[in-house]
Amino acid sequence: MRRPRCLGTTRPLVYRGFDHYGRVRAIAFVDERSSQAEQSTEIRKNVGRTLAQWESGNKFDILHYDSGRVNVGIGSWTGSRIAELMDNYERVATDAGTTATLYGYFGSQAAFNDVRSRFRADGAKTVITTDEETAFRDAGGDATLQQAQIDQRAKDVSKDLDFIGSDGNPWYPFTDGGVGAISEVSAHVLVHAMHQSGNAGFRQRLRDAIAHFGGDTKLGEGMVDGTITELDFLAQVAEQVIANVGAKYKKGVRNRYDDVMKRFGGSKLAYYFSPA
């Protein structure tokens with residue numbers, strides 16, 4: 001079974017640049033020598049970025065209606081999740097000292113609290129006014145607040161990855177059971193597959209991919225002798241997702257998986273379900 005590259009004791013490469021005052025600064029890059037926690041955090045962020053790219057076009061200020069529900073931001077959050085987003089907005093604005101600007105988009109702090117309370121209480125049934133729609137778009141378009149959406153997306157991804165690592169019906173075959181880790185490229189492909197198939201559908205996509213390679217035994221043999229690589233298996237997971245979407249979506253879905261596999265297929269990072 002494929003194992004992620006082992007961690008060493010050396011630190012990541014460091015790039016030394018200059019800040020806007022001309023002072024030397026050091027930027028540590030996350031690589032396979034970084035700690036398990038650092039690699040896992042970096043992967044969550046990266047998966048969040050590719051989800052935002054392919055699911056909302058990286059539009060932080062998007063607001064649309066799906067089945068009559070309000071959907072907001074790069075995560076297309078709805079219902080009580082919008083209340084959570086507003087919590088994050090308030091936290092980011094508080095740290096930056098810009099709460100007056102945030103509340104101003106909604107008219108006042110009381111109005112902000114009222115909208116948040118409605119989403120928390122009424123969930124997906126929440127109704128908002130056109131002025132409140134504008135407020136969400138304005139808040140989403142404020143670059144100083146966008147970290148709130150990035151953080152929430154990363155939290156969503158963490159839950160998705162926890163699900164992948166907690167249910168063996170079936171397990172992802174290339175999971176490193178020894179340290180409880182998967183590769184970065186698999187994190188991208190599997191989370192996207194979950195989003196497009198649902199939890200139950202995702203497990204079926206894995207079963208179908210395993211069956212494509214002849215079942216557990218033959219797949220295992222191919223993994224050991226190197227005739228079946230992880231990228232081969234992930235490509236088949238993608239094919240199973242593509243096979244189960246409507247005809248008009250197939251090209252876009254294929255482009256999505258081609259993109260993430262090309263960009264992250266060579267990554268040496270590993271996602272650890274319980275980082276040391």
Side-chain angles (χ1 to χ4, degrees), residues 1-7 30-32 36 39-40 42-51 53-55 157 160-247 249-273:
M1 183 171 291
R2 179 187 182 279
R3 296 178 64 88
R5 291 172 175 79
C6 295
L7 301 179
V30 177
D31 67 7
E32 72 272 22
Q36 295 180 7
Q39 292 186 59
S40 299
E42 185 71 8
I43 288 174
R44 282 194 294 270
K45 291 178 180 178
N46 289 342
V47 174
R49 292 185 183 104
T50 58
L51 287 172
Q53 172 191 348
W54 284 101
E55 294 184 351
V157 169
D160 293 335
L161 289 167
D162 285 347
F163 174 80
I164 290 168
S166 66
D167 187 342
N169 187 26
W171 295 109
Y172 171 58
F174 287 83
T175 300
D176 183 340
V179 296
I182 58 176
S183 65
E184 174 164 21
V185 66
S186 68
H188 286 270
V189 172
L190 299 180
V191 171
H192 280 266
M194 278 183 60
H195 279 229
Q196 295 187 295
S197 305
N199 290 357
F202 164 72
R203 294 298 176 191
Q204 188 59 52
R205 302 295 90 79
L206 288 183
R207 293 187 197 100
D208 293 341
I210 292 169
H212 172 82
F213 289 104
D216 289 320
T217 300
K218 288 188 176 180
L219 172 62
E221 292 171 352
M223 291 166 62
V224 170
D225 65 26
T227 57
I228 302 173
T229 68
E230 182 171 35
L231 289 179
D232 291 335
F233 186 82
L234 291 172
Q236 186 54 220
V237 172
E239 289 297 333
Q240 296 300 330
V241 175
I242 294 164
N244 283 275
V245 299
Y249 301 115
K250 291 184 184 296
K251 181 178 180 180
V253 173
R254 184 175 298 282
N255 289 342
R256 175 192 295 219
Y257 290 100
D258 286 349
D259 174 62
V260 297
M261 290 180 69
K262 180 179 180 180
R263 288 166 58 191
F264 298 98
S267 172
K268 298 178 182 179
L269 301 186
Y271 181 83
Y272 296 83
F273 298 109

Please report the shortest heavy-atom distance between [X] and [Y], naming the atom on each side.
X: Val47; Y: Thr50; answer: O-OG1, 3.0 Å
X: Pro173; Y: Leu219; answer: CG-CD2, 3.8 Å
X: Gln240; Y: Ala209; answer: CG-N, 4.1 Å
X: Gly165; Y: Trp171; answer: O-CZ3, 3.2 Å
X: Arg203; Y: Ile164; answer: NH2-O, 3.6 Å
X: Pro170; Y: Ile210; answer: CG-CD1, 3.9 Å

Quick one: [atom1] on [X] to [atom2] on [Y], what's the gap to the nearest 0.5 Å?
X: Leu206; Y: Phe233; atom1: CG; atom2: CZ; answer: 5.5 Å
X: Asp176; Y: Tyr272; atom1: CG; atom2: OH; answer: 7.5 Å
X: Ser186; Y: Phe174; atom1: OG; atom2: CZ; answer: 9.5 Å
X: Lys45; Y: Ser40; atom1: NZ; atom2: OG; answer: 12.0 Å
X: Leu234; Y: His188; atom1: CG; atom2: NE2; answer: 11.5 Å

Keeping [X] on the side-chain end and [Y] on the backbone end, is there a donor-acceptor pair under 3.5 Å?
X: Gln39; Y: Ala270; result: yes
X: Ser267; Y: Val185; result: no
X: Tyr257; Y: Ala193; result: yes

What pairs meet the salt bridge (Lys or Arg N to Asp or Glu O under 4.0 Å) rule with one or both residues in residues 236-247, with sequence neighbours excluded?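 Pairs touching residues 236-247 that pass the test: Glu239-Arg254.
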So which of Leu190, Asn46, Leu161 actually passes side-chain contact (heavy atoms from CB on, under 4.5 Å) with Tyr271?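 So, applying the side-chain contact (heavy atoms from CB on, under 4.5 Å) to Tyr271 and each of Leu190, Asn46, Leu161, only Leu161 qualifies.
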Using side-chain contact (heavy atoms from CB on, under 4.5 Å) as the criterion, point out the one residue from Asn255, Ile242, Asn244 that pairs with Lys250.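 The option that passes is Ile242.
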Arg205 and Asp208, any side-chain heavy atoms less than 4.5 Å apart: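 Asp208 reaches Arg205 side chain to side chain.
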Does the side chain of Met223 reach to within under 4.5 Å of the side chain of Phe213, using non-hydrogen atoms?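 They are not in side-chain contact.
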Can you name the salt bridge (Lys or Arg N to Asp or Glu O under 4.0 Å) partners of Glu42, sequence neighbours left out?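 Checked Glu42 against salt bridge (Lys or Arg N to Asp or Glu O under 4.0 Å); zero matches.
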Taking only residues two or more places apart in sequence, or in another chain, which ones meet [X] in a side chain to side chain contact (heavy atoms under 4.5 Å, CB included)?
X: Thr229; result: Leu231, Asp232
X: Asp259; result: Gln53, Trp54, Arg263
X: Asn199; result: Phe163, Met194

Counting only heavy atoms from other residues, nucleotides and ligands, does the tally under 6.0 Å from NZ of Lys218 exceed 12?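 Counting neighbours around NZ of Lys218, 12 or fewer heavy atoms of other residues, nucleotides or ligands fall under 6.0 Å, so no.
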Listing request: all ring pair (Phe, Tyr, Trp, His ring centres under 6.0 Å) pairs with a residue in residues 189-212, at least two apart in sequence or in separate chains.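 Matches after skipping sequence neighbours: none remain.
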